[in-house]
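What follows is a set of notes on a single structure, which appears directly below.
Residue numbers start from 1 in every chain, and the chains themselves are labelled A, B, ... in the order their sequence lines are given, proteins ahead of strands.
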2 protein chains.
Amino acid sequence: MEGETNADTLPVLEARLEQAQLLKKVVDAIKDLVQDCNFDCNDSGIALQAMDNSHVALVSMMLKSESFSPFRCDRNIALGINLTSLQKVLRCAQNEDILTLKAEDAPDVVNMVFESADSDRLSEYDIKLMDIDQEHLGIPDTEYAATINMPSSEFQRICRDLTALSESVSIECTKEGVKFACNGDIGSGAVTLRSHTDVEKPDRNVEINLSEPVALTFSLKYLVNFCKASGLSDSVRLCLSNEVPLLVEYALSNNSYLRFYLAPKVSPL
Amino acid sequence: MEGETNADTLPVLEARLEQAQLLKKVVDAIKDLVQDCNFDCNDSGIALQAMDNSHVALVSMMLKSESFSPFRCDRNIALGINLTSLQKVLRCAQNEDILTLKAEDAPDVVNMVFESADSDRLSEYDIKLMDIDQEHLGIPDTEYAATINMPSSEFQRICRDLTALSESVSIECTKEGVKFACNGDIGSGAVTLRSHTDVEKPDRNVEINLSEPVALTFSLKYLVNFCKASGLSDSVRLCLSNEVPLLVEYALSNNSYLRFYLAPKVSPL
DNA sequence: CGGCTTGCTA
DNA sequence: TAGCAAGCCG
(Lines give C-alpha, C1' and ligand atoms only; values in the text may rest on other atoms or scores of the structure.)
Protein backbone atom coordinates (compact mmCIF):
# COMPACT_ATOMS: atom_id res chain seq x y z
CA MET A 1 0.00 0.00 0.00
CA GLU A 2 2.76 2.30 0.85
CA GLY A 3 4.16 1.57 -2.56
CA GLU A 4 0.96 2.63 -4.28
CA THR A 5 0.64 5.83 -2.32
CA ASN A 6 4.16 6.60 -3.20
CA ALA A 7 3.47 5.91 -6.88
CA ASP A 8 0.62 8.42 -6.84
CA THR A 9 2.90 11.19 -5.84
CA LEU A 10 5.98 10.05 -7.74
CA PRO A 11 6.52 12.45 -10.60
CA VAL A 12 6.39 11.09 -14.14
CA LEU A 13 9.51 13.03 -14.97
CA GLU A 14 12.47 13.46 -12.69
CA ALA A 15 15.72 14.62 -14.16
CA ARG A 16 18.74 15.81 -12.21
CA LEU A 17 21.26 17.98 -13.97
CA GLU A 18 24.56 18.44 -12.17
CA GLN A 19 25.01 21.79 -13.83
CA ALA A 20 22.01 24.05 -13.83
CA GLN A 21 24.30 26.24 -15.95
CA LEU A 22 23.87 23.98 -18.94
CA LEU A 23 20.16 24.58 -19.25
CA LYS A 24 20.65 28.25 -18.47
CA LYS A 25 23.07 28.62 -21.36
CA VAL A 26 20.83 26.73 -23.73
CA VAL A 27 17.89 28.96 -22.91
CA ASP A 28 20.00 32.10 -23.17
CA ALA A 29 21.11 30.95 -26.61
CA ILE A 30 17.68 30.23 -28.05
CA LYS A 31 15.27 32.56 -26.36
CA ASP A 32 15.71 35.35 -28.86
CA LEU A 33 14.64 32.97 -31.59
CA VAL A 34 11.78 31.23 -29.88
CA GLN A 35 9.30 32.51 -27.31
CA ASP A 36 7.29 29.46 -26.31
CA CYS A 37 8.05 25.86 -27.00
CA ASN A 38 7.55 22.30 -25.92
CA PHE A 39 10.16 20.34 -24.06
CA ASP A 40 9.39 16.81 -25.20
CA CYS A 41 10.33 14.32 -22.53
CA ASN A 42 10.60 10.60 -22.97
CA ASP A 43 12.87 7.85 -21.72
CA SER A 44 15.64 8.83 -24.11
CA GLY A 45 15.87 12.38 -22.78
CA ILE A 46 14.49 15.86 -23.29
CA ALA A 47 14.16 17.32 -26.76
CA LEU A 48 13.07 20.66 -28.13
CA GLN A 49 12.38 21.73 -31.68
CA ALA A 50 11.09 25.06 -32.79
CA MET A 51 11.17 27.43 -35.69
CA ASP A 52 11.76 31.09 -35.20
CA ASN A 53 8.89 33.46 -35.88
CA SER A 54 9.92 34.19 -39.43
CA HIS A 55 10.40 30.50 -40.20
CA VAL A 56 13.91 31.06 -41.46
CA ALA A 57 15.71 29.34 -38.62
CA LEU A 58 15.08 26.20 -36.63
CA VAL A 59 16.41 25.21 -33.24
CA SER A 60 16.79 21.59 -32.24
CA MET A 61 18.02 20.67 -28.80
CA MET A 62 18.55 17.16 -27.49
CA LEU A 63 19.53 16.51 -23.91
CA LYS A 64 20.03 12.75 -23.70
CA SER A 65 19.03 10.91 -20.58
CA GLU A 66 22.73 10.16 -20.04
CA SER A 67 23.35 13.86 -19.50
CA PHE A 68 21.26 13.60 -16.34
CA SER A 69 21.93 11.59 -13.23
CA PRO A 70 19.54 10.16 -12.52
CA PHE A 71 16.98 10.45 -15.28
CA ARG A 72 13.55 8.93 -15.19
CA CYS A 73 10.61 9.57 -17.50
CA ASP A 74 7.78 7.07 -17.26
CA ARG A 75 5.58 8.51 -19.97
CA ASN A 76 6.06 10.76 -22.95
CA ILE A 77 5.09 14.27 -21.89
CA ALA A 78 5.37 17.63 -23.55
CA LEU A 79 6.11 20.61 -21.30
CA GLY A 80 4.98 23.80 -23.00
CA ILE A 81 7.14 26.54 -21.54
CA ASN A 82 7.52 30.25 -22.10
CA LEU A 83 11.26 30.74 -22.43
CA THR A 84 11.23 34.18 -20.86
CA SER A 85 9.69 32.72 -17.73
CA LEU A 86 12.13 29.84 -17.81
CA GLN A 87 15.03 32.23 -18.15
CA LYS A 88 13.82 34.26 -15.21
CA VAL A 89 13.71 31.18 -13.04
CA LEU A 90 17.06 29.87 -14.25
CA ARG A 91 18.58 33.20 -13.26
CA CYS A 92 17.67 32.29 -9.72
CA ALA A 93 20.09 29.39 -9.86
CA GLN A 94 23.55 30.04 -8.54
CA ASN A 95 26.42 29.06 -10.73
CA GLU A 96 27.26 25.78 -9.08
CA ASP A 97 23.71 24.72 -8.32
CA ILE A 98 22.34 21.31 -9.12
CA LEU A 99 19.00 21.38 -10.91
CA THR A 100 16.25 18.81 -10.64
CA LEU A 101 13.31 18.99 -13.03
CA LYS A 102 10.09 17.31 -12.04
CA ALA A 103 6.68 17.00 -13.64
CA GLU A 104 3.56 15.02 -12.87
CA ASP A 105 1.44 13.27 -15.43
CA ALA A 106 -0.65 15.79 -17.42
CA PRO A 107 1.07 18.56 -15.54
CA ASP A 108 0.04 22.18 -14.98
CA VAL A 109 3.50 23.15 -13.89
CA VAL A 110 7.06 21.99 -14.11
CA ASN A 111 8.90 21.98 -10.83
CA MET A 112 12.53 23.07 -10.68
CA VAL A 113 14.67 22.60 -7.61
CA PHE A 114 18.06 24.24 -7.20
CA GLU A 115 20.33 22.81 -4.56
CA SER A 116 23.53 24.47 -3.52
CA ALA A 117 26.50 22.15 -3.57
CA ASP A 118 26.63 22.14 0.23
CA SER A 119 22.87 21.70 0.45
CA ASP A 120 22.20 24.41 2.98
CA ARG A 121 20.18 26.32 0.44
CA LEU A 122 17.28 24.96 -1.48
CA SER A 123 15.24 26.95 -3.95
CA GLU A 124 12.18 25.59 -5.57
CA TYR A 125 10.20 27.05 -8.42
CA ASP A 126 7.07 26.05 -10.27
CA ILE A 127 6.63 27.36 -13.78
CA LYS A 128 3.17 27.30 -15.23
CA LEU A 129 2.87 25.34 -18.44
CA MET A 130 1.00 26.23 -21.58
CA ASP A 131 -0.51 24.27 -24.43
CA ILE A 132 1.55 24.71 -27.53
CA ASP A 133 0.54 23.44 -30.93
CA GLN A 134 3.32 21.18 -31.92
CA GLU A 135 4.48 21.59 -35.44
CA HIS A 136 6.91 18.72 -35.15
CA LEU A 137 9.28 18.84 -38.02
CA GLY A 138 10.92 15.80 -39.41
CA ILE A 139 14.43 16.98 -40.07
CA PRO A 140 15.89 14.81 -42.82
CA ASP A 141 19.25 13.30 -41.95
CA THR A 142 21.07 14.99 -44.79
CA GLU A 143 24.44 13.99 -46.18
CA TYR A 144 26.18 17.32 -46.35
CA ALA A 145 28.55 18.30 -49.12
CA ALA A 146 30.80 20.10 -46.66
CA THR A 147 31.41 19.77 -42.95
CA ILE A 148 33.60 22.19 -41.03
CA ASN A 149 34.69 21.80 -37.44
CA MET A 150 36.20 24.88 -35.90
CA PRO A 151 36.58 26.65 -32.56
CA SER A 152 33.24 28.10 -31.58
CA SER A 153 34.89 31.30 -30.37
CA GLU A 154 36.47 31.75 -33.77
CA PHE A 155 33.16 31.35 -35.56
CA GLN A 156 31.61 33.83 -33.17
CA ARG A 157 34.37 36.32 -33.74
CA ILE A 158 34.06 36.06 -37.51
CA CYS A 159 30.31 36.53 -37.48
CA ARG A 160 30.54 39.52 -35.18
CA ASP A 161 33.33 41.09 -37.19
CA LEU A 162 31.54 40.77 -40.50
CA THR A 163 28.34 42.18 -39.04
CA ALA A 164 30.08 45.52 -39.06
CA LEU A 165 30.13 45.43 -42.85
CA SER A 166 27.06 43.66 -44.05
CA GLU A 167 23.87 41.88 -43.17
CA SER A 168 24.83 38.69 -44.89
CA VAL A 169 27.85 36.49 -45.34
CA SER A 170 28.79 34.01 -48.02
CA ILE A 171 30.39 30.82 -46.83
CA GLU A 172 32.53 29.23 -49.47
CA CYS A 173 34.15 25.93 -48.76
CA THR A 174 36.83 24.12 -50.71
CA LYS A 175 39.19 21.33 -49.72
CA GLU A 176 41.83 23.85 -48.74
CA GLY A 177 39.75 26.04 -46.55
CA VAL A 178 36.62 27.97 -45.81
CA LYS A 179 36.05 31.60 -46.69
CA PHE A 180 33.55 33.87 -44.96
CA ALA A 181 33.03 36.90 -47.15
CA CYS A 182 30.75 39.88 -47.24
CA ASN A 183 30.15 43.09 -49.06
CA GLY A 184 28.62 46.27 -47.78
CA ASP A 185 28.35 50.01 -48.10
CA ILE A 186 31.57 50.80 -46.35
CA GLY A 187 33.53 48.07 -48.10
CA SER A 188 33.99 44.35 -48.11
CA GLY A 189 35.56 41.78 -45.86
CA ALA A 190 36.62 38.17 -45.95
CA VAL A 191 38.05 35.76 -43.41
CA THR A 192 39.67 32.62 -44.75
CA LEU A 193 40.51 29.68 -42.54
CA ARG A 194 42.80 26.91 -43.78
CA SER A 195 42.13 23.40 -42.73
CA HIS A 196 44.72 22.47 -40.09
CA THR A 197 45.17 20.21 -37.14
CA ASP A 198 47.66 20.66 -34.38
CA VAL A 199 48.06 17.91 -31.84
CA GLU A 200 49.38 20.47 -29.40
CA LYS A 201 46.33 22.70 -29.61
CA PRO A 202 43.42 20.51 -30.64
CA ASP A 203 40.96 23.19 -29.60
CA ARG A 204 42.31 25.43 -32.35
CA ASN A 205 41.77 22.86 -35.10
CA VAL A 206 39.87 23.59 -38.26
CA GLU A 207 38.82 20.39 -39.99
CA ILE A 208 37.07 20.27 -43.32
CA ASN A 209 35.36 17.28 -44.89
CA LEU A 210 34.11 17.90 -48.35
CA SER A 211 32.55 15.88 -51.12
CA GLU A 212 31.95 18.86 -53.39
CA PRO A 213 32.64 22.59 -53.19
CA VAL A 214 29.88 24.70 -51.68
CA ALA A 215 29.09 28.41 -51.66
CA LEU A 216 26.04 29.76 -49.88
CA THR A 217 24.89 33.05 -48.38
CA PHE A 218 23.30 33.51 -44.96
CA SER A 219 21.89 36.21 -42.73
CA LEU A 220 24.54 37.32 -40.25
CA LYS A 221 21.93 38.38 -37.75
CA TYR A 222 20.88 34.79 -37.26
CA LEU A 223 24.41 33.44 -37.19
CA VAL A 224 25.37 35.94 -34.50
CA ASN A 225 22.35 34.78 -32.59
CA PHE A 226 23.33 31.13 -32.86
CA CYS A 227 26.77 32.03 -31.59
CA LYS A 228 25.31 32.81 -28.18
CA ALA A 229 25.66 29.07 -27.72
CA SER A 230 29.44 29.32 -27.94
CA GLY A 231 29.70 28.97 -24.18
CA LEU A 232 28.29 25.47 -24.43
CA SER A 233 31.10 23.98 -26.43
CA ASP A 234 34.64 24.87 -27.47
CA SER A 235 33.94 23.79 -31.00
CA VAL A 236 31.18 24.16 -33.52
CA ARG A 237 30.36 22.17 -36.60
CA LEU A 238 29.01 23.79 -39.76
CA CYS A 239 27.37 21.53 -42.32
CA LEU A 240 26.52 22.83 -45.78
CA SER A 241 25.04 21.59 -49.03
CA ASN A 242 23.86 23.71 -51.89
CA GLU A 243 20.24 24.83 -51.58
CA VAL A 244 19.85 23.20 -48.17
CA PRO A 245 19.73 24.90 -44.76
CA LEU A 246 23.02 25.33 -42.99
CA LEU A 247 23.40 23.25 -39.86
CA VAL A 248 25.29 24.84 -36.95
CA GLU A 249 25.87 22.26 -34.26
CA TYR A 250 27.19 22.59 -30.72
CA ALA A 251 27.95 19.12 -29.40
CA LEU A 252 27.44 18.60 -25.68
CA SER A 253 28.54 15.71 -23.49
CA ASN A 254 26.82 12.33 -23.82
CA ASN A 255 25.72 12.94 -27.41
CA SER A 256 23.46 15.74 -26.32
CA TYR A 257 23.49 18.69 -28.66
CA LEU A 258 22.14 22.08 -29.61
CA ARG A 259 21.59 22.54 -33.34
CA PHE A 260 20.52 25.49 -35.40
CA TYR A 261 19.37 25.34 -38.99
CA LEU A 262 19.31 28.37 -41.24
CA ALA A 263 17.90 28.60 -44.77
CA PRO A 264 20.32 30.14 -47.27
CA LYS A 265 19.54 33.46 -48.85
CA VAL A 266 18.45 33.18 -52.42
CA SER A 267 21.44 34.72 -54.08
CA PRO A 268 20.48 37.36 -56.64
CA LEU A 269 22.99 36.24 -59.26
CA MET B 1 41.71 87.59 22.98
CA GLU B 2 43.01 85.39 20.29
CA GLY B 3 41.19 82.57 22.03
CA GLU B 4 37.83 84.32 21.77
CA THR B 5 38.28 85.13 18.14
CA ASN B 6 39.07 81.55 17.56
CA ALA B 7 35.97 80.45 19.46
CA ASP B 8 33.80 82.58 17.22
CA THR B 9 34.84 80.66 14.16
CA LEU B 10 35.15 77.24 15.75
CA PRO B 11 32.38 75.10 14.32
CA VAL B 12 29.78 73.61 16.64
CA LEU B 13 30.05 70.31 14.82
CA GLU B 14 33.25 68.80 13.57
CA ALA B 15 33.25 65.13 12.68
CA ARG B 16 35.99 63.34 10.79
CA LEU B 17 35.11 60.10 9.06
CA GLU B 18 38.05 58.00 7.89
CA GLN B 19 35.95 56.53 5.12
CA ALA B 20 33.89 58.95 3.12
CA GLN B 21 32.65 55.73 1.47
CA LEU B 22 30.60 54.89 4.50
CA LEU B 23 28.39 57.95 4.28
CA LYS B 24 28.23 57.59 0.51
CA LYS B 25 26.91 54.06 0.80
CA VAL B 26 24.42 55.05 3.45
CA VAL B 27 23.05 57.83 1.28
CA ASP B 28 22.94 55.59 -1.78
CA ALA B 29 20.99 53.05 0.22
CA ILE B 30 18.34 55.41 1.55
CA LYS B 31 17.91 58.15 -0.98
CA ASP B 32 15.30 56.28 -2.99
CA LEU B 33 13.20 56.08 0.14
CA VAL B 34 13.69 59.56 1.51
CA GLN B 35 14.26 62.87 -0.26
CA ASP B 36 14.95 65.35 2.49
CA CYS B 37 15.75 64.68 6.09
CA ASN B 38 17.40 65.93 9.22
CA PHE B 39 20.76 64.69 10.39
CA ASP B 40 20.43 65.13 14.14
CA CYS B 41 23.79 65.80 15.68
CA ASN B 42 24.62 65.69 19.33
CA ASP B 43 27.51 64.53 21.45
CA SER B 44 26.61 60.88 21.01
CA GLY B 45 26.82 61.02 17.24
CA ILE B 46 24.74 61.68 14.16
CA ALA B 47 21.31 60.16 13.77
CA LEU B 48 18.71 60.15 11.03
CA GLN B 49 15.14 58.95 11.04
CA ALA B 50 12.66 59.22 8.26
CA MET B 51 9.65 57.53 6.80
CA ASP B 52 9.33 56.99 3.11
CA ASN B 53 6.68 58.96 1.26
CA SER B 54 4.09 56.23 1.45
CA HIS B 55 4.69 55.74 5.19
CA VAL B 56 5.24 52.02 4.72
CA ALA B 57 8.93 52.00 5.46
CA LEU B 58 11.12 53.77 7.96
CA VAL B 59 14.86 54.37 7.91
CA SER B 60 16.88 54.80 11.04
CA MET B 61 20.57 55.50 10.89
CA MET B 62 22.88 55.96 13.84
CA LEU B 63 26.50 56.92 13.39
CA LYS B 64 27.96 56.93 16.88
CA SER B 65 30.58 59.47 17.83
CA GLU B 66 33.04 56.56 18.13
CA SER B 67 32.74 55.97 14.39
CA PHE B 68 34.41 59.35 13.91
CA SER B 69 37.87 60.43 14.90
CA PRO B 70 37.73 62.97 16.18
CA PHE B 71 34.12 63.84 16.90
CA ARG B 72 32.95 66.98 18.54
CA CYS B 73 29.46 68.40 18.79
CA ASP B 74 28.98 71.22 21.27
CA ARG B 75 25.24 71.72 20.84
CA ASN B 76 22.39 69.66 19.50
CA ILE B 77 21.78 70.71 15.92
CA ALA B 78 19.60 69.37 13.16
CA LEU B 79 21.01 69.58 9.63
CA GLY B 80 18.14 69.46 7.14
CA ILE B 81 19.66 68.04 3.97
CA ASN B 82 18.35 67.14 0.56
CA LEU B 83 19.75 63.68 -0.06
CA THR B 84 20.05 64.17 -3.79
CA SER B 85 22.30 67.14 -3.18
CA LEU B 86 24.25 65.23 -0.59
CA GLN B 87 24.68 62.32 -2.96
CA LYS B 88 25.96 64.62 -5.68
CA VAL B 89 28.57 66.02 -3.36
CA LEU B 90 29.55 62.62 -2.00
CA ARG B 91 30.15 61.48 -5.57
CA CYS B 92 32.94 64.01 -5.62
CA ALA B 93 34.79 62.01 -3.00
CA GLN B 94 37.37 59.52 -4.20
CA ASN B 95 37.28 56.04 -2.86
CA GLU B 96 39.86 56.41 -0.13
CA ASP B 97 39.07 59.98 0.85
CA ILE B 98 38.67 61.11 4.42
CA LEU B 99 35.60 63.21 5.09
CA THR B 100 35.24 65.96 7.64
CA LEU B 101 31.80 67.41 8.33
CA LYS B 102 31.55 70.84 9.87
CA ALA B 103 28.66 73.08 10.84
CA GLU B 104 28.33 76.36 12.70
CA ASP B 105 25.69 77.13 15.25
CA ALA B 106 22.32 77.77 13.58
CA PRO B 107 23.93 76.95 10.27
CA ASP B 108 22.88 77.78 6.72
CA VAL B 109 25.19 75.22 5.28
CA VAL B 110 27.06 72.08 6.20
CA ASN B 111 30.67 72.07 5.15
CA MET B 112 32.25 68.87 3.82
CA VAL B 113 35.96 68.46 3.25
CA PHE B 114 37.46 65.50 1.39
CA GLU B 115 41.12 64.80 1.90
CA SER B 116 42.98 62.21 -0.08
CA ALA B 117 44.78 59.69 2.09
CA ASP B 118 48.15 61.15 1.18
CA SER B 119 46.82 64.67 1.76
CA ASP B 120 47.87 66.06 -1.58
CA ARG B 121 44.32 66.73 -2.58
CA LEU B 122 41.70 68.69 -0.71
CA SER B 123 38.14 69.29 -1.86
CA GLU B 124 35.65 71.34 0.04
CA TYR B 125 31.91 71.65 -0.46
CA ASP B 126 29.12 73.53 1.25
CA ILE B 127 25.62 72.12 1.01
CA LYS B 128 22.75 74.47 1.73
CA LEU B 129 20.51 73.36 4.52
CA MET B 130 16.75 73.39 4.68
CA ASP B 131 14.19 73.51 7.46
CA ILE B 132 12.48 70.19 7.80
CA ASP B 133 9.56 69.53 10.07
CA GLN B 134 10.72 66.81 12.33
CA GLU B 135 8.24 64.05 12.86
CA HIS B 136 10.47 62.27 15.31
CA LEU B 137 9.22 58.79 15.82
CA GLY B 138 9.73 56.88 18.97
CA ILE B 139 10.54 53.40 17.80
CA PRO B 140 9.62 50.94 20.52
CA ASP B 141 12.37 48.54 21.45
CA THR B 142 10.44 45.42 20.51
CA GLU B 143 11.23 41.90 21.59
CA TYR B 144 11.00 40.02 18.32
CA ALA B 145 9.61 36.51 17.95
CA ALA B 146 12.24 35.62 15.37
CA THR B 147 15.70 36.93 14.64
CA ILE B 148 17.69 35.80 11.64
CA ASN B 149 21.30 36.62 10.96
CA MET B 150 22.45 35.82 7.48
CA PRO B 151 24.92 36.99 4.84
CA SER B 152 23.66 40.27 3.43
CA SER B 153 24.59 39.16 -0.09
CA GLU B 154 22.41 36.10 0.28
CA PHE B 155 19.45 38.15 1.42
CA GLN B 156 19.99 40.48 -1.49
CA ARG B 157 20.21 37.59 -3.92
CA ILE B 158 17.00 36.04 -2.63
CA CYS B 159 15.06 39.30 -2.84
CA ARG B 160 16.29 39.96 -6.35
CA ASP B 161 15.53 36.43 -7.50
CA LEU B 162 12.01 36.43 -6.19
CA THR B 163 11.31 39.83 -7.72
CA ALA B 164 11.30 38.03 -11.07
CA LEU B 165 8.18 36.20 -9.96
CA SER B 166 6.16 38.44 -7.68
CA GLU B 167 5.79 41.76 -5.97
CA SER B 168 5.66 40.31 -2.50
CA VAL B 169 7.33 37.62 -0.48
CA SER B 170 6.27 35.70 2.55
CA ILE B 171 8.93 35.10 5.17
CA GLU B 172 8.25 32.09 7.27
CA CYS B 173 10.54 31.25 10.09
CA THR B 174 10.76 28.11 12.16
CA LYS B 175 13.52 26.75 14.35
CA GLU B 176 14.93 24.72 11.48
CA GLY B 177 15.10 27.43 8.91
CA VAL B 178 13.62 30.36 7.12
CA LYS B 179 11.61 30.17 3.94
CA PHE B 180 11.14 33.03 1.49
CA ALA B 181 8.22 32.19 -0.80
CA CYS B 182 6.24 33.92 -3.48
CA ASN B 183 3.59 33.38 -6.07
CA GLY B 184 3.08 35.10 -9.38
CA ASP B 185 1.75 34.93 -12.90
CA ILE B 186 4.51 32.82 -14.32
CA GLY B 187 4.65 30.43 -11.38
CA SER B 188 5.88 30.29 -7.83
CA GLY B 189 9.18 30.19 -6.04
CA ALA B 190 10.62 29.49 -2.64
CA VAL B 191 14.08 29.65 -1.15
CA THR B 192 14.73 27.81 2.07
CA LEU B 193 17.76 28.38 4.24
CA ARG B 194 18.66 26.04 7.03
CA SER B 195 20.10 27.42 10.19
CA HIS B 196 23.78 26.50 10.17
CA THR B 197 27.08 27.70 11.48
CA ASP B 198 30.45 26.81 10.09
CA VAL B 199 33.51 27.91 11.99
CA GLU B 200 35.45 27.75 8.73
CA LYS B 201 33.17 30.13 6.90
CA PRO B 202 31.56 32.33 9.55
CA ASP B 203 30.47 34.82 6.90
CA ARG B 204 28.19 32.17 5.41
CA ASN B 205 26.39 31.48 8.68
CA VAL B 206 22.64 31.54 9.02
CA GLU B 207 21.60 31.87 12.64
CA ILE B 208 18.03 31.76 13.81
CA ASN B 209 16.73 32.72 17.21
CA LEU B 210 13.08 32.05 17.66
CA SER B 211 10.60 32.23 20.48
CA GLU B 212 7.61 31.45 18.30
CA PRO B 213 7.10 30.65 14.62
CA VAL B 214 6.40 33.65 12.40
CA ALA B 215 4.98 34.07 8.91
CA LEU B 216 4.58 37.49 7.36
CA THR B 217 4.34 38.99 3.89
CA PHE B 218 6.28 42.01 2.62
CA SER B 219 6.72 44.10 -0.47
CA LEU B 220 9.75 42.92 -2.42
CA LYS B 221 10.27 46.35 -3.92
CA TYR B 222 11.11 47.76 -0.51
CA LEU B 223 13.25 44.83 0.51
CA VAL B 224 15.27 45.08 -2.69
CA ASN B 225 15.68 48.75 -1.90
CA PHE B 226 16.93 48.05 1.62
CA CYS B 227 19.41 45.60 0.15
CA LYS B 228 21.30 48.46 -1.45
CA ALA B 229 22.88 48.67 1.98
CA SER B 230 24.47 45.25 1.54
CA GLY B 231 27.80 46.87 0.78
CA LEU B 232 27.86 48.29 4.31
CA SER B 233 28.00 44.98 6.09
CA ASP B 234 28.64 41.33 5.29
CA SER B 235 25.68 40.29 7.35
CA VAL B 236 22.16 41.44 7.89
CA ARG B 237 19.75 40.79 10.70
CA LEU B 238 16.05 40.29 10.11
CA CYS B 239 13.75 40.63 13.09
CA LEU B 240 10.14 39.56 12.84
CA SER B 241 7.08 39.38 15.02
CA ASN B 242 3.55 38.84 13.86
CA GLU B 243 1.73 42.06 12.97
CA VAL B 244 4.77 44.18 13.65
CA PRO B 245 7.06 45.84 11.12
CA LEU B 246 10.02 43.81 9.96
CA LEU B 247 13.37 45.19 11.07
CA VAL B 248 16.25 44.83 8.62
CA GLU B 249 19.47 45.85 10.29
CA TYR B 250 22.94 46.40 8.92
CA ALA B 251 25.37 46.69 11.79
CA LEU B 252 28.33 49.00 11.33
CA SER B 253 31.47 49.36 13.40
CA ASN B 254 31.29 50.98 16.84
CA ASN B 255 27.62 50.12 17.33
CA SER B 256 26.63 52.39 14.52
CA TYR B 257 23.90 50.97 12.35
CA LEU B 258 21.53 51.40 9.46
CA ARG B 259 18.04 50.02 10.10
CA PHE B 260 15.01 49.70 7.93
CA TYR B 261 11.52 48.96 9.13
CA LEU B 262 8.80 47.66 6.84
CA ALA B 263 5.15 47.15 7.70
CA PRO B 264 3.85 43.73 6.71
CA LYS B 265 1.24 43.40 4.01
CA VAL B 266 -2.17 42.66 5.37
CA SER B 267 -2.52 39.11 4.21
CA PRO B 268 -5.82 38.52 2.44
CA LEU B 269 -6.57 35.20 4.17
C1' DC C 1 34.54 30.90 -10.09
C1' DG C 2 32.62 34.85 -7.87
C1' DG C 3 32.31 39.69 -7.10
C1' DC C 4 32.79 44.32 -8.56
C1' DT C 5 32.82 48.08 -11.79
C1' DT C 6 31.54 50.18 -15.96
C1' DG C 7 28.60 50.85 -19.90
C1' DC C 8 24.26 50.48 -22.31
C1' DT C 9 19.25 50.49 -22.77
C1' DA C 10 14.72 51.47 -21.34
C1' DT D 1 17.61 58.28 -13.53
C1' DA D 2 17.31 53.35 -12.70
C1' DG D 3 17.77 48.59 -14.03
C1' DC D 4 20.14 45.05 -16.77
C1' DA D 5 24.12 43.09 -18.99
C1' DA D 6 28.90 42.53 -20.22
C1' DG D 7 33.81 42.73 -19.20
C1' DC D 8 37.64 42.88 -15.90
C1' DC D 9 39.96 41.80 -11.55
C1' DG D 10 40.91 39.21 -7.36
Side-chain angles (χ1 to χ4, degrees), chain A residues 17-32 83-99 114-118 120-121 123 152-153 156-157 159-161 163-164 224-225 227-232 234, chain B residues 19-22 24-25 27-36 52-54 57 82-97 150-167 184 186 198 200-204 219-236 250:
Chain A
L17 192 62
E18 293 276 353
Q19 293 186 50
Q21 283 296 312
L22 176 68
L23 188 60
K24 193 171 177 176
K25 286 180 185 170
V26 167
V27 173
D28 289 347
I30 67 180
K31 85 131 222 172
D32 286 341
L83 292 186
T84 303
S85 305
L86 179 57
Q87 192 182 41
K88 279 183 185 171
V89 168
L90 288 169
R91 281 208 189 112
C92 306
Q94 302 199 164
N95 283 351
E96 302 312 308
D97 279 0
I98 297 160
L99 164 62
F114 303 115
E115 280 171 84
S116 63
D118 47 11
D120 49 19
R121 181 177 193 273
S123 332
S152 56
S153 58
Q156 183 170 41
R157 180 65 201 263
C159 292
R160 273 192 198 159
D161 286 353
T163 302
V224 167
N225 220 317
C227 286
K228 289 185 184 166
S230 297
L232 286 164
D234 288 340
Chain B
Q19 294 184 50
Q21 283 297 311
L22 176 70
K24 192 170 177 176
K25 286 179 184 171
V27 173
D28 288 346
I30 68 179
K31 85 130 223 171
D32 285 340
L33 292 169
V34 182
Q35 286 67 55
D36 306 309
D52 84 300
N53 289 331
S54 57
N82 171 277
L83 292 185
T84 303
S85 308
L86 179 56
Q87 192 182 41
K88 281 183 186 168
V89 168
L90 288 169
R91 282 209 188 111
C92 306
Q94 302 198 164
N95 284 348
E96 301 310 309
D97 278 1
M150 65 159 100
S152 56
S153 59
E154 184 133 29
F155 182 56
Q156 184 171 41
R157 177 69 200 259
I158 291 169
C159 292
R160 276 192 197 160
D161 283 355
L162 297 184
T163 302
L165 297 178
S166 172
E167 293 184 345
I186 71 169
D198 180 344
E200 304 276 305
K201 304 177 184 174
D203 53 335
R204 299 267 72 213
S219 156
L220 276 166
K221 193 185 86 195
Y222 282 96
L223 295 181
V224 167
N225 220 319
F226 300 168
C227 286
K228 289 184 185 166
S230 297
L232 286 164
S233 171
D234 287 340
S235 75
V236 63
Y250 296 87

If you draw a 6.0 Å radius around CG in B/Asp234, do more than 12 non-hydrogen atoms from other residues or ligands fall strictly inside? no
Could you give the start and end, 5' to 3', of the contact zone on DNA chain C for chain A, using atoms under 4.0 Å from its heavy atoms? C/dC1 to C/dG2
Rounded to the nearest 0.5 Å, how far apart are CD1 of A/Ile30 and CG of A/Leu86? 8.5 Å
Sugar-phosphate only, base, or nothing, as touched by A/Glu96 at under 4.0 Å among non-hydrogen atoms: sugar-phosphate
Salt bridge present between A/Lys88 and B/Asp161 (N-O < 4.0 angstrom): no
What is the distance from CZ of A/Arg157 to P of D/dG7, rounded to the nearest Å? 12 Å
Using a cutoff of under 3.5 Å, can you pull out all pairs of nitrogen or oxygen atoms linking the protein to nucleotides 4-6 of chain D, with atom names and distances?
unit_1, atom_1, unit_2, atom_2, d
D/dA5, OP1, A/Arg91, NH2, 2.8

All side chain to side chain donor-acceptor pair (under 3.5 Å) counterparts of A/Thr84, not counting sequence neighbours: none
Around B/Arg160, counting heavy atoms of other residues, nucleotides and ligands shown, do more than 12 lie under 6.0 Å from its CZ? no
Within a radius of less than 6.0 Å around CD of B/Gln19, do more than 12 heavy atoms belonging to other residues, nucleotides or ligands occur? no
Is any side-chain N of the basic residue among B/Asp28 and B/Lys24 closer than 4.0 Å to the acidic one's carboxylate O? no
So, B/Gln35 versus B/Asn53: side-chain donor-acceptor pair below 3.5 Å or not? yes
Starting at CZ of B/Arg160 and ending at P of D/dG3, how long is that distance when rounded to a whole Å? 10 Å
